[in-house]
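To start, the structure under review is shown below, and the notes come after it.
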Amino acid sequence: MKHRPASVSARSVDDYRDNIERVLRPLAARAVESVAVSRALGKQLAEDVRSPIDLPVFRNSAMDGYAVRAESVLVAPVTLPLAGVVAAGAAGRTPLPHGAAVKVMTGAPLPPGADCVVPVEDAQAADNAVTIERGRSAGEFVREPGTDVRTGDLLVRAGTTLAPRHIAALAAVGLATVAVFGAVRGAVITTGDELVAAGAALRPGQIYNSNGVALAAALAANGVEVVSVAHSPDDPARFRALLSAATKAADVVFTSGGVSKGDFEVVKEVLEPLGGQFGSVAMQPGGPQGLSVVEGVPVLSFPGNPVSTMVSFEVFARPVLRHLAGLPEVDCYELPLLTAVPRSPEGKRQFLRGKLVRAQSDESRPLHRHPKAVEVVSGAGSHLVAGMAGADVLIDVPAEITALPAGALVRVWSL
């Protein structure tokens, strides 16, 4: 394992990420809105929800069977007259006669006087009577009111990102609406004369615009509501107009391209006079970066190569956006390298694309829980977007490391 002195020519990844987190942190103070429970999936609860009712609401049967008094079936087998049938949804207010049974369905209210249920498997019915073949004790197969949740109990805590299980609980207690934080609204602007939309015919020198689609997908996958995706040629006036529209509609804007030191760097040209900070971060890929605030809206400007754009999002934006959305943190753990990394660029923290390798016996288990090792996929080039499709993780090679042997432990981040 080879080491190198820390670079001082560019800001560190951690310092730059801290800057971005400081700029995005105010987005936590988002507006609260009331939404239908049926439309609340994936939204972050703005306040504690307490149950307005008991669950179960009333005593009911946990089985299809026969409601009886336990004292009537102390000695089994015993034959009891059938006094009726109670289905789920019935009122169930007629008392159970002594020494009798009432047929009940799962979820049906127990008639007053019944204190246990004999499952249908333990009974034989014929001629308006039922033979109970196995006795039951008081309370068996009876659901008592409030045994799931009582009126006033905390049902779902504020800050929870609502999953289907939470929606089920909210609906079960009869809530029609809940108060949630509005999602962070994000806008995407890609730049470059060379980019054309998918489906168009490519002319010489042109490539398809993958960054707009990819960034929008990355935002949506991490709790952001994508309000616009636009493309600007290398024309400052056009970019300025698109940026103005984006900052009016979004809480945060992501741009791709136009941030380096060459000609036609339209993003840098427009944003630097507005106070935007542009420079290099000691990383590969994704070195050129820009951070601005326009009309109170943060603007994160990533380099235009597809892998640079996606790695920049993963490293700088994804963790804080997931925190704002109440989503779980990105998995981060250590694994041995399957093959050596013979060279890592001097003075830069490298983010290689990796694929998890599992033992054959682990094939049925979750990939991230029982990986055996990690192997590098594709090359280090920032243009190798198809190669990144085969990756599961980013391999984080520290700034002081210039090479790694096979078997060396490396830190990986789940993609």
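Along the sequence shown, the residues carry numbers beginning at 1. Since the structure is predicted, the reported quantities are computational estimates derived from the model, not experimental observations.
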Using atom types as modelled and distance alone, determine if a side-chain donor or acceptor of [X] lies under 3.5 Å from a backbone N or O of [Y].
X: Asp64; Y: Thr106; result: yes
X: Thr309; Y: Pro303; result: yes
X: Arg136; Y: Pro119; result: no
X: Asp122; Y: Glu133; result: no
X: Asp235; Y: Ala237; result: yes
X: Arg349; Y: Gly347; result: no

Indicate whether any N or O donor in one side chain lies under 3.5 Å from an N or O acceptor in the other, for [X] and [Y].
X: Arg11; Y: Gln289; answer: no
X: Thr190; Y: Asn209; answer: yes
X: Thr247; Y: Glu295; answer: no

For the [atom1] atom of [X] and the [atom2] atom of [Y], what is their distance to the nearest 0.5 Å?
X: Leu415; Y: Leu394; atom1: CG; atom2: CG; value: 4.5 Å
X: Met63; Y: Met105; atom1: CE; atom2: CE; value: 12.0 Å
X: Thr339; Y: Glu375; atom1: OG1; atom2: CD; value: 6.5 Å
X: Glu265; Y: Glu272; atom1: CD; atom2: CD; value: 10.5 Å
X: Met310; Y: Ser210; atom1: CE; atom2: OG; value: 9.0 Å
X: Leu24; Y: Leu321; atom1: CG; atom2: CG; value: 6.5 Å

Is the closest side-chain heavy-atom distance between [X] and [Y] below 4.5 Å?
X: Ile395; Y: Val341; value: no
X: Val320; Y: Arg17; value: no
X: Thr177; Y: Ser34; value: yes
X: Leu409; Y: Leu335; value: no
X: Leu195; Y: Tyr208; value: no
X: Arg165; Y: Val156; value: no
X: Arg322; Y: Pro328; value: yes
X: Arg157; Y: Asp48; value: yes

Would you check, one step at a time, whether the test side-chain contact (heavy atoms from CB on, under 4.5 Å) holds for Phe351 with Asp396? CA-CA 5 Å; Phe351 293 94; Asp396 185 354; 3.8 Å; yes

Stepwise side-chain contact (heavy atoms from CB on, under 4.5 Å) test for Cys116 and Val68: CA-CA 6 Å; Cys116 68; Val68 298; 3.5 Å; yes

Closest non-hydrogen atom pair between [X] and [Y], with its separation:
X: Arg240; Y: Val270; result: NH2-CG2, 3.9 Å
X: Pro52; Y: Leu175; result: CG-CD2, 4.2 Å
X: Ala76; Y: Gly135; result: CB-N, 3.6 Å
X: Asn222; Y: Ala325; result: O-CB, 4.0 Å
X: Leu242; Y: Ala230; result: CD2-CB, 4.0 Å
X: Gly182; Y: Arg30; result: O-NE, 2.5 Å

Just checking Lys103: does its NZ atom have more than 12 heavy atoms from other residues, nucleotides or ligands closer to it than 6.0 angstrom? no

In this structure, are over 12 heavy atoms from other groups packed under 6.0 Å from Gln124 atom CD? no

Derivation of the salt bridge (charged side-chain N to carboxylate O under 4.0 Å, His left out) call for Glu334 and Arg411: CA-CA 4 Å; Glu334 288 190 335; Arg411 188 181 183 211; over 6 Å; no

All side chain to side chain contact (heavy atoms under 4.5 Å, CB included) counterparts of Ala169, not counting sequence neighbours: Leu155

Would Arg185 and Asp251 satisfy salt bridge (charged side-chain N to carboxylate O under 4.0 Å, His left out), going step by step from the backbone distance to the final call? CA-CA 5 Å; Arg185 298 167 300 166; Asp251 301 310; 2.9 Å; yes

Report the C-alpha distance between Leu45 and His166 in whole Å, list the side-chain angles of each, state the deciding distance to 0.1 Å, and finish with yes or no for side-chain contact (heavy atoms from CB on, under 4.5 Å). CA-CA 10 Å; Leu45 203 59; His166 304 120; over 6 Å; no

Parallel, tilted or perpendicular, as decided by the 30° and 60° cut-offs, for the rings of Phe254 and Phe302: tilted

Could you walk me through whether Arg143 and Asp148 pass salt bridge (charged side-chain N to carboxylate O under 4.0 Å, His left out), step by step? CA-CA 9 Å; Arg143 298 167 176 165; Asp148 187 4; over 6 Å; no

Working for side-chain contact (heavy atoms from CB on, under 4.5 Å), residues Val118 and Phe141: CA-CA 8 Å; Val118 176; Phe141 300 113; over 6 Å; no

Result of checking Asp54, Ile53, Asn60 against Val57 for side-chain contact (heavy atoms from CB on, under 4.5 Å): Ile53

